[in-house]
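First up is the structure itself, then whatever we jot down about it.
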Amino acid sequence: MLDKKYNHHDVEFDKYQFWLDNDLFKAGDMSKEPFCVVIPPPNITGKLHLGHAWDTTLQDMIIRYKKMDGYDTLWVPGMDHAGIATQAKIDARLRSEGFNPRDMKKSEWLARAWSWKDEYASIIRQQWAKLGLSLDYSRECFTMDENLSLAVRKVFVDLYNKGFIYRGERIINFDPIAMTALSNIEVIYKEIEGAFYYLKYMIEGTNDYLSVATTRPETLFGDTAVAVHPKDERYKHLIGKRVVLPIANKLIPIIGDEYVDMSFGTGVVKITPAHDPNDFEVGNRHHLDRVRCIKADGHMNDSALKYNGLDRFECRHQLVEDLEKHGLIIKIEKIKHAVGHSERSNAIVEPYLSKQWFVKMDELAEKALDNQNNKDNRVKFIPKRFEKIFTNWMEDIQDWCISRQLWWGHQIPAWYKEDQIYVGMEAPTEDGWVQDSDVLDTWFSSALWPFATLGWPHNLDGRYFPNNVLVTGYDIIFFWVSRMIFQSLEFTKQRPFNDVLIHGLIRDKQGLKMTKSLGNGVDPMDVIEEYGADALRFFLTTNSSPGQDLRYDEDKVTSSWNFINKLWNASRFVLMNLEGFKESDYKLDNSTIIDKWIIYKLNETIKVVRKHMDKYEFNVVGSTLYNFIWDDFCDWYIELSKTNLENQTTKSVLLYVLGNILQLLHPFTPYVTEHIYQMLPLHQKSIMISSYPTYDKSIKWDEDIEKVNIIIEIITKIRTIKQENKIGKDYFLISNLNNEIDILIKDNFDTFNKLLKTKFIESLDNSYKKIDIPFSYGTIILGYKGSDKEDEMLSNLQKERDMLLSNISRREKLLSNEGYINKAPKEIVDEERRKLEEECNKIKFIEEKLSEL
RNA sequence: GGACGAUUAGCUCAGUUGGUUAGAGCGCUACCUUGACAGGGUAGAGGUCGUAGGUUCGAAUCCUACAUCGUUCACCA
């Protein structure tokens, strides 16, 4: 027997081990059709947050649903080494222990990194277990595993040999805190306060000057020209002359280039090829020198003369003071402008000239875009609008800088000897070759995840590839989804997954993003402790529509808990009444109309649930099940069944419906459904290996089902009248009209008596006051002791009549509209006619009563 | 500036190819120690679906414009 109260701790503490012990998460039943999902590997930088809980619960639901529906499901777990992020965390820990990480031997540092990995991997696995995720741990992967590392090297080497990977000297985004290059999308532009400094660049041999506006005066030491537009009437005569670089007192040429926008600023631009990507291009066109004046760590070098060694911002400060002293500043204008920050360290990114490795993107992107026109191999985005976000990005893509100046990651398989380069799977055998010390961007390995986790390049397990669906947030479409798509197309010739289900971000109750700096993050483990994983899961999966963000709201978790508690108590009721129930007692024939009604309702629910499960519309599934369980099953069927609990069929129906409810709900709330399921008189070893309920086409609507709807209508109506007229317990109902409704009532006397807590009787003496309650198929008289309610009665009837009259006139108008009759679907028109008839019928009774009053 | 999303009850959100009386949870009102559940039950109140046009027999839903909020991409030194 179940305890009186649902206790999530008791329910959840041992189930996960039970599933593991029985190998219920293991894939490989070759007799079934495969279904595969790979987990988006969490970073080993810390604990999982609510976003992970949401993302993984969605996947678990899909997997559990498909498994119960007869598929050989494989859900591959794994984690990401997360280069920059993890290295920063490890370094921080080492510093707190008094070490300077960069003074350590690389091998010692790496040993620390691997033990960090083990530590966090084990925390993450515990969290997965708490969430109840049905991951096949025998297939767990890590991005730096041997096989994945091999895959990374192979992809690098092949892309290099095909000419898609090159090494070149470019302006890249450099993070001066993490001390590594970044790709374009790892730079976040933020609006900050800055200034436009208008500087005097004196024209050689004159007292005239050009006014040059810049936001970064400290880069002037790297200027190798100033540019004007060749058609600019103000300046074009100066092209070919020279100006004096302020403070540095160096002569640099005035050049003409169409890059300059005549209408912006002063129309004169200082050109710093080593510190600005646009200037770099201009420099190339005009064969200008590339002079670096800032070092990788953000400090000035000796080109900056007396400012050598200063931090770039300190240099700016002192330089501006000096320029002012020399009268070389015309004005300073405060502005707001977007400045690039590192996604990881939040440092202001320095455009920095250096030699890096790149993936040439144009051709790869084009193939990915073309593939979206291939009906059989296109990736289906859900919701659809995210496909456009993907294609727009791909259409406008730039080369991908993949080298990182870090220790944690896949070392680039390139070796140098003097000015020779060797790129290959293994080191060259001759002496003297030195491997590139850089590692690859984390996303370079993540991009191979869907196939590298399934054995590629050795032997890709084609049974599970392409994956059936990938589930992830819209925030990493560029970082990850798009890169998986083009890498998979390039190396497997197939899409990585058939569908990609995109969800939103978790926000706090105010709608703000959960971040460390705001301290508004919620630890899913705390929520599980307080409400249980099932309540958290139900909240996460049913409270937003696909692609929308989700606000975390503890009140809604509470209501999920309440829902589970309701299910718990309904189950308790069923089990109490099934004491001693044997397999031979189980029979569904000879059912009452009430039994038929709930089975019909259940069947319709199954149909809706399946339809929306298949479309990933879990919010619809959730509310459908919520309403069916709470309203139809608990509020009506259980109540209606109470007069009939001696009947084996009713017991069987209770068992049948509850069993189906547990199965339908299992993907959402695996723990509690497993728990109750195992207490049912007839059950299998685990609910996970039972079959997901199927829709039975042979169960059709009939008049018996309508009869129950009428019973419900009568009960509800009488309750309403009772409350509106403040009639207490002391009342009776009379029905003696010998019509259809009368027969229905006679057949279900007990039910009415029980639910209305009164008696139906044949007649009533005159000491009772009477109220006539009209239905569309007859009238019921309510008799009560107490003061006269004629006024209320009159106003009730008038109110109802007015409403009916307005409905009737609306319907008549509608049904006399030819356009409507001709164009609207027949079922809808028929339904409208039926309702009209019903209302006309009902109003007859009302008019009759009103005339009597 | 481009693109996208949101705007529906006091709050947070649904609304399934357009179907006529727009739903839920929480909150609110009144009543109820009913034999599964008071974290419950019963019955209610509460919305001219951001604004203005348009298409249609019919619009929360489709189209156009605008407004407000948000996200994102691209930004000119």
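Labels below follow one simple rule: chain letters A, B, ... track the order of the sequence lines, proteins then strands, and each chain is numbered from 1.
- Taking Tyr552(A) as the reference, Phe539(A) meet the ring pair (Phe, Tyr, Trp, His ring centres under 6.0 Å) condition, with sequence neighbours excluded.
- Looking only at distances, a side-chain donor or acceptor of Trp568(A) sits under 3.5 Å from a matching main-chain atom of Asp3(A).
- Contacts of Lys509(A) classified as side-chain contact (heavy atoms from CB on, under 4.5 Å), with partners at least two apart in sequence or in another chain: Asp553(A), Asp555(A).
- Residues meeting the side chain to side chain donor-acceptor pair (under 3.5 Å) test with Asn817(A), sequence neighbours left out: none.
- Between the side chain of Glu639(A) and the base of rA36(B) there is at least one donor-acceptor pair of N/O atoms closer than 3.5 Å.
- Using a 4.0 Å cut-off, some side-chain N or O of Lys4(A) falls inside it from OP1 or OP2 of rC37(B).
- Every pair passing ring-ring contact (aromatic ring centres under 6.0 Å, His included) that includes a residue from residues 212-231 of chain A is listed here, sequence neighbours excluded: Phe221(A)-Tyr307(A).
- The stretch residues 631-638 of chain A comes close to RNA chain B through Cys634(A), Asp635(A), Ile638(A), each having a heavy atom under 4.0 Å from the strand.
- Distance alone, capped at 3.5 Å, is enough to place a donor-acceptor pair between the Asp534(A) side chain and the Val672(A) backbone.
- With sequence neighbours excluded, the residues that form a side-chain contact (heavy atoms from CB on, under 4.5 Å) with Arg833(A) are Leu815(A), Ile821(A), Val829(A), Asp830(A).
- Under the rule for a side-chain contact (heavy atoms from CB on, under 4.5 Å), the partners of Asp475(A) that lie at least two apart in sequence or sit in another chain are Leu505(A).
- Not a single side chain to side chain donor-acceptor pair (under 3.5 Å) links Lys231(A) to another residue, sequence neighbours left out.
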Exercise for review: Using a 4.0 Å heavy-atom cut-off, write out nucleotides 72-77 of chain B from 5' to 3' as B (base contacted by protein), S (sugar-phosphate only) or - (no contact).
Suggested key: -S-BBB
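- The base of rU42(B) lies close enough to the side chain of Gln723(A) for a donor and an acceptor atom to sit less than 3.5 Å apart.
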Review point. How would RNA chain B look in dot-bracket form, 5' to 3', counting Watson-Crick and G-U wobble pairs with both distances under 3.5 Å and writing | for bases paired to another strand?
Key: (((((((..((((.....[...)))).(((((.......))))).....(((((..]....))))))))))))....
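- For Ser183(A), the side chain to side chain donor-acceptor pair (under 3.5 Å) partners are Glu186(A), not counting sequence neighbours.
- For Lys566(A), no side-chain nitrogen or oxygen approaches OP1 or OP2 of rG40(B) to under 4.0 Å.
- Between Lys556(A) and rU12(B) there is no side-chain N or O to OP1 or OP2 distance below 4.0 Å.
- Checking the phosphate oxygens (OP1, OP2) of rG41(B), a side-chain nitrogen or oxygen of Trp630(A) falls inside 4.0 Å.
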Pair up each side-chain donor or acceptor in residues 615-622 of chain A with any protein partner under 3.5 Å, not counting sequence neighbours, and list the distances.
{"from": "Tyr616(A)", "atom 1": "OH", "to": "Asp499(A)", "atom 2": "OD2", "distance (Å)": "2.8"}
{"from": "Glu617(A)", "atom 1": "OE1", "to": "His612(A)", "atom 2": "ND1", "distance (Å)": "2.6"}

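- Side-chain nitrogen and oxygen atoms of Asn562(A) include at least one within less than 4.0 Å of the OP1 or OP2 phosphate oxygen of rG40(B).
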